[in-house]
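Here is how names work: the chains are called A, B, and so on, in the same order as the sequence lines, proteins then strands, and each is numbered from 1.
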Amino acid sequence: MIRYLSRKVVIYLVTFFVAVTIDWAIPRFMPGDPIERLLARMQAQPGSAEILNDYYTEAFGFDVPLWQQYLNFWAALFHGDLGVSIANFPTPVSELIVGALPYTLALLVPAVLLSFWAGNKVGALAARRKTLDNTVLPASYLLTATPQMWLGIVLAWVFASTLAWFPVSGAYDFSLQPAWTLEFARSFLEHWVLPFSALFLVAFGGWAIGMRNMIIYELEADYSNYLASLGAPSRLVRRYAYRNALLPQITGLALALGAVVAGALVVEIVFSYPGLGTLTLNAIQNRDYFLIQGVFLFLITGVLIANFVIDIAYVFIDPRTRVGMQGGP
Amino acid sequence: MLSVDTCCKTYRVGAFGGGELLAVRDVSFEVAPGEVVALIGESGSGKSTIGKLILRLLRVTRGSIAFDGVDISTLEGRRLKEYYGNVQGVFQDPFSSYNPIFKADRVFTMLRREYFPGLTDSEWHAKLGASLDAVSLNPGDVLHKYPHQLSGGQLQRMLIARALLLDIKLLVADEIISMLDASTRIDVLNLLGDLKSRGLGILFITHDLNLGSYISDRTMILRRGAVVELGSTERVFGNPRHPYTQSLLASVPQLHRRWSEVAPSPAASGGGGDGGPLVMVEKDHYAAAGPATTVGG
Amino acid sequence: MSLHVDGLRVYYRSLRGDVKAVDGATFDIADGEIMGLAGESGCGKSTLGKSLIRMDSRMRYVSGSVELDGRELPVWDDARMNEFRFGHVSIIPQYALSALNPTRRIGSIATDLLKARDVPVDRVLPELVRRLELVGLSEDVLHRFPIELSGGMKQRVVMVLSSLLDPSLLVADEVTSALDVSTQRAVAELLVEFRDRGFVKSMIVITHDLSVLYQIADSILVMYAGKLAEKAPADAVVHASRHPYTQLLISSLPDVGVRYEEQRLSGIPGRPPSLLDPPTGCRFRTRCPFAFDKCAEEPPFEAVGPAHAAACWKTAA
Amino acid sequence: MSAAEPRDGGVVATGAPAPRVEAPVGAPGTPAAPLTPTHRSEFLYFAFRNWKFVAGAGLVLAFLVVAIVGPMLVQHEPLEFSGPTDQPPSSEYWFGTTSFGQDVLSQFVHGLRAAFLVGAVGGGIAWLLGAAIGFTAGYRGGWLDDVLTMLTNVVLVIPTLAILIIVAAYLNVHSYATEAILIGLTSWPWAARAVRAQTFSLKTREFVDVARLSGRSTGRIIGSEIAPNMSSYLLMMFILLFGGAILIGASLDFLGLGPAESVSLGLMMNNSFLASALLLGSWWWFLPPGLGIIGVVGGLYVMNVGLDEIFNPRLREK
């Protein structure tokens, strides 16, 4: 058991290490010099160009040998120093991220959890009722094939600009400041509904399809037939089948996290929701390399931690893995 | 012809290959030309592993296997192909031994391309016809058909015919009839009997004592990877010395004798020593030494 | 009080039409009788066994009646059969080694099932523990997961569970074939013990292995290509069979000690007919050495001796 | 039961289409029923009776034709300021014009062609990588398997869109080919894992041993013994990867990281969004690109389900 957990920890550490290395390597090995492109964007006068050039070379750490840069990069990382944002100088990158994080989480966490729960329930039902199977399933295929940002735009167009039920952009009224007041909460919810539903619907489709096939597979399994042969009511047979069909869905949840996070980024941009997504878009437009790398690292760590938690939780949920490790009799 | 010398095989098991399973423990035996040796053991006794080791589908962890004096672990490429010209195998599930995508007789054409490229069509058809006839199959019934259009018995006999194309010296038959119905099973056994009389050495691997005793000259009883009894079939079955062999013989269902007439066997899996050294109990009859092994007359 | 089956026909839906797996079965089983049901693969024995409990999705009831202890078993009506399942008629399935839900403990599987069948759990659970000990398993098994048990142990748990409510008919489908020789004898003898202790009134033991049936069965019914060939007491089937198929089958089974050189046994040439469109008349006609023109007409399955029935013109004449 | 029932292979609990871009849920365990000639005639018999397959394939083909023929028929260049601005669909401009006076129809058909290109190249690379790594890891086993599995797990866990954002930002992607290659290099892991699982189960089948006993080399064995048995699954895998690549491409373009000088469906969405088309209510500008992607990718997924039911009758009966 311990060996299994330690193996998992090793894999995740290695993955984190590789991710950080990629993050460090990209600016240094990509063709073209990021600093020139940066200066070109700023149309800096010739005089100040040299000063800026020296500053950025030092800021990027290009002046020291490669391996030295690599160590500095790790050292800075451990101090939580992700460098300084170029566009909104001198605020440090980590500060910007911490500011944007709550909004992304407010969108992401409910979307992931609710879509997982609802998708699986509907998928299980669809396996039983022909009508549901022929309506919800095809719709789910189209939903899961829908780009989230497009769905966001359509929702905004229908419900915000034409019907004006919901505001079009932002996370709360411009007049308000984030505070624990009822008024702010109401306004926050109003702004939250559309981006959330865009994320929710697309993810929902995926889970429904997965569960529908999984549960049919489990209902055909030997243990289901045996229960039915002993006269067990279909309620019990379905409960067992649902529980076993849920297990691969949980591993699927871990794998799909990366995709859902990416979806959240683009949906935020559509609603200019002040989360990591909008931060990333601005960083890209301003060629704010430190900010891009910072957000990237943050996303990777978040997804890795989530995967790790799900992996460990899975061992407790599915006895087969736990027992498999001790080799059984 | 074939000599297996204190062979061991360990498998990596458990997460990340931490644990080790000792599947075969210090097994030694010989197969003389034209001799049928029955390798009998229950599931998990390592009998199939031994078969695969001899066919070089698996590598030995310790010990060595020699064919006509040459250690087979050193064979590579062309020399391995030559070895397969002398030693061939037939496996348990006829339907798994044929790639379902292709016609069943592809097993012959595969062999032709590798071993008889020079042969003209007519020479090849003559040779193929001869070996099909040797296994009493009529080419018209079996050629150009898909595996699921043929019966288990036909498929197994085609595999034997395939091996005969190479005029081999040793055939490793790993549970080849356990998936067949009783009525067709005996015909394949009789076929093996004919081939033996024509000088083919056979390693007959099975879990069924009745089948093992029917055609073998010598018998080897395996338990958890170790040899517990080895000797001529009459002696091993007629006068079993190791408690495990005795309990097997007591519990195997026979048509001429009821279990009630035989004292219930001690829990077979527990009884007897665990792979002690083989001791000669009488001429051409060895048993693993152990507290319950009756060594006397 | 016993089982009476009359003209039962159960077909299988397949991609190319109906496979006539059981094509008219008529036989009786007395109380306390263990009837062996033997035959080669594809002869319909498993379909016959399963149809008495639950038709799976591809099986289709065609005709015939089944009576258990005087009451009619509605085998064609899956819902109404529920009332009889587990209590009156039960099964040890062919797939016993994977019949237990891998992600639940044995104890909770049993309690869930009993509660769902509204059986008073507290009355039955101690009996379950007692029977587990009887078959050599400790109570601790209830807290274990199926994956933690060996093949033999799982087989025993399923046997105890299936017969927990003392059904009057228990169908045991290929109970011994997946086990090693040593556990095979122990499990087979347990079946007899279940009958002797009255856990089960009568039993059908389905297997292709005639030598196992000879050890434990009172009578043996041999099937061939969807039809009944012969039914007789075990000794009569082995030593005094009246149907050519049974005789050839028995003669092709080597016992320990039979040697190839001394006594050359012979198999049965040819293959069983396809059940998609089975031939008319006696289905063994093409492979039977005694076949003659009368065999073109289907021989009735009728008595040819005390508790001995066979479907062959030769014996009846 | 009897011989009439063809003894085909196991059940494919094929992961349904990718819930999103990454891995489909519940990657499959056992291989799909292999495709033998008698099965092939059966396959055709069932294929055209399975409405999901027919509907899906029909939709995809329709869009493919539009993507090929469209750009030739359209009078205006996609980015050319050819007409009046913000025109709703009219007889002259079937899809209307953008707020810069560009012809939306022309952008749409060129964007569709780009989508198919990204799907084919991106999906193709991911398919090749997935199959190669999956076969080697599955067949070879041992330390090579451990290394490849480690690599697969690493790339699988890292959110590939985040990598693509960074790489595209620095690389300043110039053409769809580079974008597709990037996508292909990062979206293969789930496919590799599925192929490895199936190779593992097929490797133990006895016909592989018979092939080895006939002196066949490892490569020949993978090529002619193992791969054909997974042909149905490999086809379905390609369809999923193709759809996935299009979706990732659209997201990248929407973030403005796609090639700027030409047009893609994602870029259309981005431009229409930046010009706040949804506020101005010019629906004819932002609806078509999304519907195009849903049509192609959705059609692929539905076709894939039809294939799954054809190859694996168990799901069909439900």
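Annotation for A/Pro319 and C/Pro102: closest pair CG-O, 4.0 Å, computed over non-hydrogen atoms.
For C/Val89, no part lies under 4.5 angstrom from a heavy atom of chain A. For chain A, no part of C/Leu165 is nearby; none of its heavy atoms comes within less than 4.5 Å. Interface residue C/Leu113: backbone and side-chain heavy atoms are both found under 4.5 Å from chain A.
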Just distance, no hydrogens or angles: give the donor-acceptor pairs under 3.5 Å from side chains in residues 92-101 of chain C, sequence neighbours left out.
| unit_1 | atom_1 | unit_2 | atom_2 | d |
| --- | --- | --- | --- | --- |
| C/Gln94 | OE1 | C/Ser46 | OG | 3.3 |
| C/Tyr95 | OH | A/Tyr226 | N | 3.3 |
| C/Ser98 | OG | A/Asp222 | OD2 | 2.5 |
| C/Ser98 | OG | C/Tyr95 | O | 3.2 |
| C/Asn101 | OD1 | A/Asn244 | ND2 | 2.9 |
| C/Asn101 | OD1 | C/Thr103 | N | 3.2 |
| C/Asn101 | OD1 | C/Thr103 | OG1 | 3.1 |

Just list the side-chain donor-acceptor pairs under 3.5 Å for residues 234-242 of chain A, sequence neighbours left out, or say none.
| unit_1 | atom_1 | unit_2 | atom_2 | d |
| --- | --- | --- | --- | --- |
| A/Tyr240 | OH | C/Asp112 | OD2 | 2.5 |

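The one candidate from C/Lys50, C/Arg54, C/Arg85 that meets the side-chain contact (heavy atoms from CB on, under 4.5 Å) condition with A/Ser229 is C/Arg54.
Residues of residues 128-137 of chain C never come within less than 4.5 angstrom of chain A, heavy atom to heavy atom. Near-neighbour residues of residues 298-309 of chain A relative to chain C, defined by a heavy atom under 4.5 Å from a heavy atom of that chain, are none.
Counting heavy-atom pairs closer than 4.5 Å to chain A, the top-ranked of the candidates C/Ser90, C/Pro167, C/Ser162 is C/Ser162.
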